[in-house]
Each structure stands twice: as structure tokens, then as C-alpha cells.
Amino acid sequence: MASSTSTPHDHHQHENKSPYSQLSSSSSSVVVVMVPFPAQSHLNQLLQLALVVSSYDIPVHYVSSTLHNSRVKSRTTNPLPHLTKIHFHDLDDSQVLITHSPPPNPNPNSKTKLSEHRNPLIEATMRLRKPVAAILRSLSPTARRLVVVNDVVMASAVQDVVSLPNAEAYAFNSASAFSGFAYRCETMGRNHNLPIKELPSMESCFSSVLRKFVAYQVMMTSYSSGELFNSCRAIEGSFLDLLANDKSSFKRKMWAVGPLHQTTDFKELRDQDKCLLGWLDKQEPNSVLYISFGTTTTLSEEEIKELAIGLEQSGVKFIWVLRDADKADIIGNENGRRPQLPDGFEERMGGMGMVVREWVPQVQILGHPSTGGFMSHCGWNSCMESLSMGVPIAAWPMHSDQPMNAVLITEVLKVGVAVMEWEQRHEMVTSSMISRAARKLMASEEGDEIRKRVVEIGEAVKQSVAEGGDCRSEWDSFIAHITREGSSQIT
């Protein structure tokens with residue numbers, strides 16, 4: 001990566017030797033299997049964890065559909081030689097994906113932003129027990145200990161781990177510790193004692209289908225030997241402690257292994273990415289607002305129009321990733337709708353902004369000195385990347401854990417501003433709301449104070465991923481645990 005696009009954490013980039021601790025040769029008899037939920041953020045977080053584990057010279061197997069394995073590999077910014085260390089198992093797409101004709105498309109006019117087109121992934125997850133069990137049974141004889149790291153919402157797919165004498169499972173949480181603790185309190189009917197009066201309810205954040213699915217999967221994690229979080233103490237220390245000390249938990253071991261995106265070098269950039277980062281090179285420090293709503297959100301035509309008008313009114317420079325949500329089917333997103341901008345918008349914006357319709361290297365954009373803010377749906381992966389890079393957030397949550405993450409960003413950590421409050425979720429987010437939030441974050445005294453706070457958090461994260469930092473210690477602790485001598489019983 002060019003020096004002009006370096007990040008606060010490039011101290012570990014371009015090294016030939018692994019920066020991670022190397023343990024004894026006994027680790028070679030341990031085999032680790034990653035089982036992610038088939039959605040981009042979940043897939044990517046477990047791929048990054050797979051790369052961390054493989055850096056300790058431990059064989060790692062990564063299990064998903066042919067399509068999702070291909071997608072997560074093509075989108076990652078990790079160099080290809082790093083990916084060759086991972087053994088990818090391509091499940092038959094028909095086992096993981098619905099192939100109805102016509103395929104279910106993202107619905108931009110859905111009442112909830114996580115529309116019904118995602119339900120096939122939930123259905124497919126419930127069918128994966130047999131193919132995953134077959135892989136586990138084939139790997140079990142090759143290892144002294146078979147370690148399964150499964151997305152917390154893939155617990156039912158790996159339940160046969162209990163039938164293997166040398167296997168143990170660890171639940172990976174791709175959501176924040178803050179949201180995990182708050183939702184746990186709500187489920188248990190307890191007072192959360194968090195420094196916030198009103199928190200978004202699960203009923204308002206999740207569809208009934210998704211609530212039932214998550215509740216079932218969490219119940220199935222009772223056999224797990226421990227939990228991992230893509231979080232770090234520099235960001236969520238107090239909430240990680242609350243979870244660790246929660247009397248309602250199963251008293252499992254817990255590791256905070258984030259931020260995972262800091263752990264490897266960047267691969268060679270594509271031509272379109274070089275153009276994007278080249279444009280950023282020409283801008284003033286902290287002057288550009290990056291806008292992206294992840295892979296599960298589809299904006300309506302009216303929302304796109306209001307966002308475009310709001311950006312134009314704000315006078316703030318921007319990079320806007322304008323894409324529909326990923327499809328849940330085999331047919332790729334490129335064959336779907338092409339979201340339309342107001343007539344002449346891109347011409348009028350000229351050097352003020354760029355609209356990008358392809359996949360972009362988000363971590364490099366957030367790490368660029370010219371990027372001064374991130375208008376985000378507040379998916380936890382995006383939050384972690386932004387905070388780690390010292391970039392404040394304009395929070396526009398859409399569904400699931402995102403409203404809770406937005407509360408953490410704007411009201412607890414105070415490192416962002418709200419584009420809209422969750423109580424307004426049924427109202428149109430207008431151009432004036434967009435413009436107000438953009439100017440507040442990028443061109444106000446309050447925005448400057450917010451940026452100071454988030455830069456401090458970014459520096460603390462930088463220390464955590466350095467040698468001897470909290471993040472490295474957590475990795476070493478987890479690896480030491482799974483490579484320990486003795487039986488594979490819950491300890």
C-alpha cells in the first residue's frame with residue numbers, strides 16, 4: 001500500500017515474518033474449524049480470525065458455501081499468499097442457498113431494512129448440520145484436539161461436536177459486548193444498569209423470524225467451551241467485564257480478540273481502488289465523509305434522493321458507496337437493480353465527491369488521513385474499523401444490533417452524531433437531517449471535540465495490537481488454551 005494511504009496501524013504491514021507469538025510444536029496436533037454465518041460481515045470476521053490462528057502455525061479449515069467462500073476471498077484486503085494458509089471447504093450451494101426462480105431480491109421499499117430476502121439464509125443454516133458434521137468427523141481422527149469456532153448463530157450447525165471425543169466448540173460473537181449485555185438483560189427481564197435511560201428493544205430491532213432464530217441458536221451454545229468477541233478493552237472494557245461477571249451466563253471462558261482487521265497486510269490494490277485512494281490523496285486532512293451502509297441494507301429511491309440532496313446542501317466532500325444489499329441467492333448482486341441518483345448530481349458534485357458502485361477497501365479508506373468521518377449503518381464490524389482508525393461516525397442504524405451500536409457510539413462513547421434517532425425509524429430521513437449531521441460531524445466545534453475523543457480511542461487500540469498489548473495477549477491466551485495438554489472437556 002502506498003505511503004499516502006498508510007494507517008495509524010501500519011507498523012505491522014509488509015513484514016515477512018509473522019508478528020504473532022509462536023508456541024510449541026504441540027500446536028501442530030490441533031486443528032481449528034471456522035463455521036461462519038453466510039453474511040459478509042460474519043464471513044469476513046471469522047476469516048480474519050482464521051488468519052490470526054494460522055499465523056501460530058495451526059491448521060485452519062473454513063467452512064461455507066462455494067459462493068460465500070468465493071465472495072469473502074474476493075472482497076478481502078488480505079494478500080493472496082495469506083489465504084493459501086486456510087483450507088476452504090466449499091459446501092454445495094444448494095445446501096446453503098435457496099435457488100428459487102425468480103431469486104429473492106433485496107426490497108428497497110420494505111418496512112424493515114432487513115427484509116424478507118435474507119430469510120433463505122436463516123432457513124439454510126438450519127439445514128447445515130449434516131454436511132458440517134461430516135467435515136468434523138473427517139477431521140477429528142487427524143487431530144489431538146479438534147477446535148470448532150462457530151458464529152454464535154451457527155450453533156445448531158455444529159452441535160455434533162459433542163459426539164466427538166477430542167472436539168470442543170467456541171462461540172464467536174460478531175456483535176458488540178454492549179449490545180450483547182443489553183439484550184441479555186432484556187431477555188432475562190433484568191435492569192441493565194447501563195448509563196442510558198432508554199435502549200432500543202429487541203422487538204423494534206429484529207424481525208420476529210430473526211428473534212426466534214437468534215434465541216434458538218443462543219440456547220444451543222450451552223455446550224460451548226468459551227466465547228470470543230470481536231472487540232477490545234480499549235473500546236468496550238467495562239462491558240466485556242459486565243459480560244464476564246454476569247451471573248446468568250454459563251461461566252465460560254471469554255476472550256476479546258478484536259480488532260481483527262488490523263492483523264494482516266493489504267493485498268495489491270485494484271485499479272479502481274488506486275483511483276479512489278488517489279483522489280483522497282488530493283484532499284485536505286479530515287475533510288472527506290465516507291458513506292456506506294454495509295451489505296444488508298438497500299435504500300429506497302426516495303432515500304437515495306434525500307441523501308444526495310443532503311450531501312449537496314452540506315458542502316462536505318464525500319465518498320459514497322451506493323450499492324444494494326447482497327442477495328441471499330446464487331445469482332450475484334451485479335444482476336440486480338442499479339440505484340439511481342438525481343439527474344446531474346454527479347456532474348454537479350465534480351471534485352466535491354465520488355459515488356462508487358463497486359466493492360471498496362473500507363479499512364484503507366477509513367485509515368486515510370483525508371477521511372474525517374463515516375456515515376454508517378453501525379454494523380459492529382464497521383464500528384470497530386472506524387473507531388480503530390480514529391474516525392468518528394454519523395450513525396444511521398437500520399436493523400438488528402445496529403440501533404444498539406448507535407447508542408454506544410453517540411451516547412456512551414460520545415464518538416459520533418445521530419443522523420436519526422431510533423424512535424424516528426418509521427419516518428423518512430430527510431435531506432436536512434443528512435446535511436445537519438454531516439456538517440455537525442465534519443465542520444463544527446462539537447465535531448472537533450468528538451474527533452479528539454475518537455482519536456484517543458484509536459491510539460489506545462493501536463497500543464492493544466502492538467507487541468505486549470491487550471489484543472495480542474488475548475490471542476496468545478486463546479491459542480495457549482486450545483493447544484493445552486489434556487482432554488477436550490469444558491474447563
Side-chain angles (χ1 to χ4, degrees), residues 23 26-39 42-66 68-70 72-73 76 78 82-92 95-96 124-174 217 220-221 223-230 252-253 255 257 260 263 475 478-484 487-490:
L23 301 186
S26 65
S27 65
S28 63
S29 61
V30 171
V31 173
V32 176
V33 181
M34 301 283 174
V35 185
F37 181 74
H42 297 246
L43 290 159
N44 185 56
Q45 290 183 62
L46 273 182
L47 177 62
Q48 299 309 312
L49 182 60
L51 289 164
V52 169
V53 174
S54 71
S55 74
Y56 288 84
D57 292 332
I58 295 174
V60 181
H61 298 257
Y62 186 96
V63 180
S64 194
S65 77
T66 302
H68 288 109
N69 279 343
S70 173
V72 74
K73 285 188 283 186
T76 184
N78 304 111
H82 289 208
L83 297 182
T84 60
K85 299 177 182 179
I86 310 298
H87 305 275
F88 288 91
H89 293 259
D90 294 338
L91 298 177
D92 184 347
Q95 294 175 314
V96 186
T125 297
M126 305 302 287
R127 301 198 306 271
L128 289 181
R129 178 180 177 181
K130 286 186 178 180
V132 170
I135 291 172
L136 299 183
R137 284 195 296 270
S138 71
L139 293 173
S140 177
T142 69
R144 174 174 63 85
R145 177 176 295 117
L146 182 66
V147 175
V148 179
V149 179
N150 62 282
D151 194 301
V152 70
V153 293
M154 293 292 285
S156 65
V158 303
Q159 60 185 288
D160 291 292
V161 72
V162 299
S163 67
L164 301 173
N166 64 333
E168 56 194 27
Y170 296 84
F172 179 83
N173 294 269
S174 57
Q217 298 296 334
M220 292 290 292
T221 63
Y223 57 77
S224 292
S225 299
E227 289 186 278
L228 296 96
F229 284 84
N230 181 18
R252 294 187 288 255
K253 293 180 180 294
W255 294 268
V257 294
L260 292 169
T263 61
W475 293 346
F478 178 64
I479 297 300
H481 178 73
I482 64 174
T483 57
R484 71 195 183 281
S487 63
S488 291
Q489 302 298 321
I490 297 177

Q: With Val149 as reference, evaluate Val53, Val158, Leu46, Val257 under the side chain to side chain contact (heavy atoms under 4.5 Å, CB included) test and give the passing residue.
A: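 So, applying the side chain to side chain contact (heavy atoms under 4.5 Å, CB included) to Val149 and each of Val53, Val158, Leu46, Val257, only Leu46 qualifies.
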Q: Please report the C-alpha distance between Val52 and Ile479 in whole Å, then the side-chain angles of each, then the deciding distance to 0.1 Å, and finally whether the side-chain contact (heavy atoms from CB on, under 4.5 Å) criterion is met.
A: CA-CA 10 Å; Val52 169; Ile479 297 300; 6.0 Å; no
Q: At what distance, to the nearest 0.5 angstrom, does CZ of Arg145 lie from CD1 of Ile58?
A: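 If we round to the nearest 0.5 Å, Arg145:CZ and Ile58:CD1 are 10.5 Å apart.
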Q: Tell me whether Tyr62 contacts the main-chain N or O of Leu43 through its side chain, where contact means a donor paired with an acceptor under 3.5 Å.
A: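 The answer is yes, because a donor-acceptor pair under 3.5 Å joins these two groups.
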Q: Can you tell if the side chain of Leu49 reaches within under 4.5 Å of the side chain of Val60, non-hydrogen atoms only?
A: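 No, their side chains stay 4.5 Å or more apart.
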Q: Mind checking whether Thr76 and His82 have side chains closer than 4.5 Å, heavy atoms only?
A: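 No, side chains not in contact.
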Q: Any chance you could measure Ile86, atom CD1, to Asn69, atom CG, to the nearest 0.5 Å?
A: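 Rounded to the nearest 0.5 Å, the CD1-CG separation comes out at 11.0 Å.
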Q: Could I get the full list of side-chain contact (heavy atoms from CB on, under 4.5 Å) partners for Asn173, not counting sequence neighbours?
A: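 Asn173: side-chain contact (heavy atoms from CB on, under 4.5 Å) contacts with Val152, Glu227, Phe229.
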Q: Nearest 0.5 Å, what's the OG-NE2 distance between Ser64 and His42?
A: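 Atom-to-atom, Ser64:OG and His42:NE2 are 12.0 Å apart.
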Q: Do you know which two heavy atoms are closest between Pro131 and Leu91, and how far apart they sit?
A: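 Smallest interatomic distance, heavy atoms only, reads CB-CD2, 4.0 Å.
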Q: Write out all pairs satisfying salt bridge (Lys or Arg N to Asp or Glu O under 4.0 Å) with one or both partners inside residues 149-166, taking only residues at least two apart or from two chains.
A: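 Residue pairs passing salt bridge (Lys or Arg N to Asp or Glu O under 4.0 Å), neighbours aside: Arg129-Asp160.
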Q: Rounded to the nearest 0.5 Å, what separates atom CD in Gln217 from atom OG1 in Thr125?
A: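 Going from CD on Gln217 over to OG1 on Thr125, the span is 7.0 Å.
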Q: For Met154 and Pro38, work out which heavy atoms get closest and say how close.
A: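 Heavy atoms of Met154 and Pro38 come nearest at SD-CD, 4.3 Å.
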Q: Using the side-chain hydrogen bond (donor to acceptor under 3.5 Å, both in side chains) criterion, which residues pair with Arg137? Sequence neighbours excluded.
A: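 Not a single residue meets the side-chain hydrogen bond (donor to acceptor under 3.5 Å, both in side chains) criterion with Arg137.
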Q: Look up atom CG in Asp92 and atom OG in Ser65, then write down how far apart they are to the nearest 0.5 Å.
A: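 Between atom CG of Asp92 and atom OG of Ser65 there are 9.0 Å.
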Q: Identify the residue among Val148, Val33, Val32 that makes a side chain to side chain contact (heavy atoms under 4.5 Å, CB included) with Leu139.
A: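 With Leu139 as partner, side chain to side chain contact (heavy atoms under 4.5 Å, CB included) holds for just one option, Val33.
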Q: Who passes ring pair (Phe, Tyr, Trp, His ring centres under 6.0 Å) against His61, sequence neighbours left out?
A: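 Expected list: His87, His89.
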Q: Taking side chain as C-beta onward, heavy atoms only, is Pro36 less than 4.5 Å from Gln45?
A: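 The answer is no; the side chains never approach within 4.5 Å.
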Q: Return the CG to CG distance between Asn78 and Leu51, rounded to the nearest 0.5 Å.
A: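 Output value for this atom pair is 5.0 Å.
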Q: For Val161 and Leu146, what are the C-alpha separation, side-chain angles and deciding distance, and is it a side-chain contact (heavy atoms from CB on, under 4.5 Å)?
A: CA-CA 9 Å; Val161 72; Leu146 182 66; 5.9 Å; no
Q: Locate the shortest heavy-atom distance separating Glu168 from Ser225; write the atom from each residue and the value.
A: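 The pair with the smallest heavy-atom distance is CB-OG, 3.5 Å.
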Q: Between Met220 and Ala155, what is the shortest heavy-atom contact and its length?
A: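 Smallest interatomic distance, heavy atoms only, reads CB-CB, 3.7 Å.
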Q: Checking Leu47 against Phe88 for the side-chain contact (heavy atoms from CB on, under 4.5 Å) test, could you report, in this order, the C-alpha distance in whole Å, the side-chain angles of both residues, the deciding distance, and whether it holds?
A: CA-CA 10 Å; Leu47 177 62; Phe88 288 91; 3.8 Å; yes
Q: Applying ring pair (Phe, Tyr, Trp, His ring centres under 6.0 Å), can you list everything that pairs with Phe478, at least two apart in sequence or on another chain?
A: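 Ring pair (Phe, Tyr, Trp, His ring centres under 6.0 Å) check on Phe478 returns Tyr170, Trp255.
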Q: For Ser140, give me all partners under side-chain hydrogen bond (donor to acceptor under 3.5 Å, both in side chains), at least two apart in sequence or on another chain.
A: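 Ser140 satisfies side-chain hydrogen bond (donor to acceptor under 3.5 Å, both in side chains) with Asn166 only.
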Q: Do Val35 and Phe172 have side chains that get closer than 4.5 Å, going by heavy atoms?
A: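 A side-chain contact is absent here, since even the closest heavy-atom pair is not under 4.5 Å.
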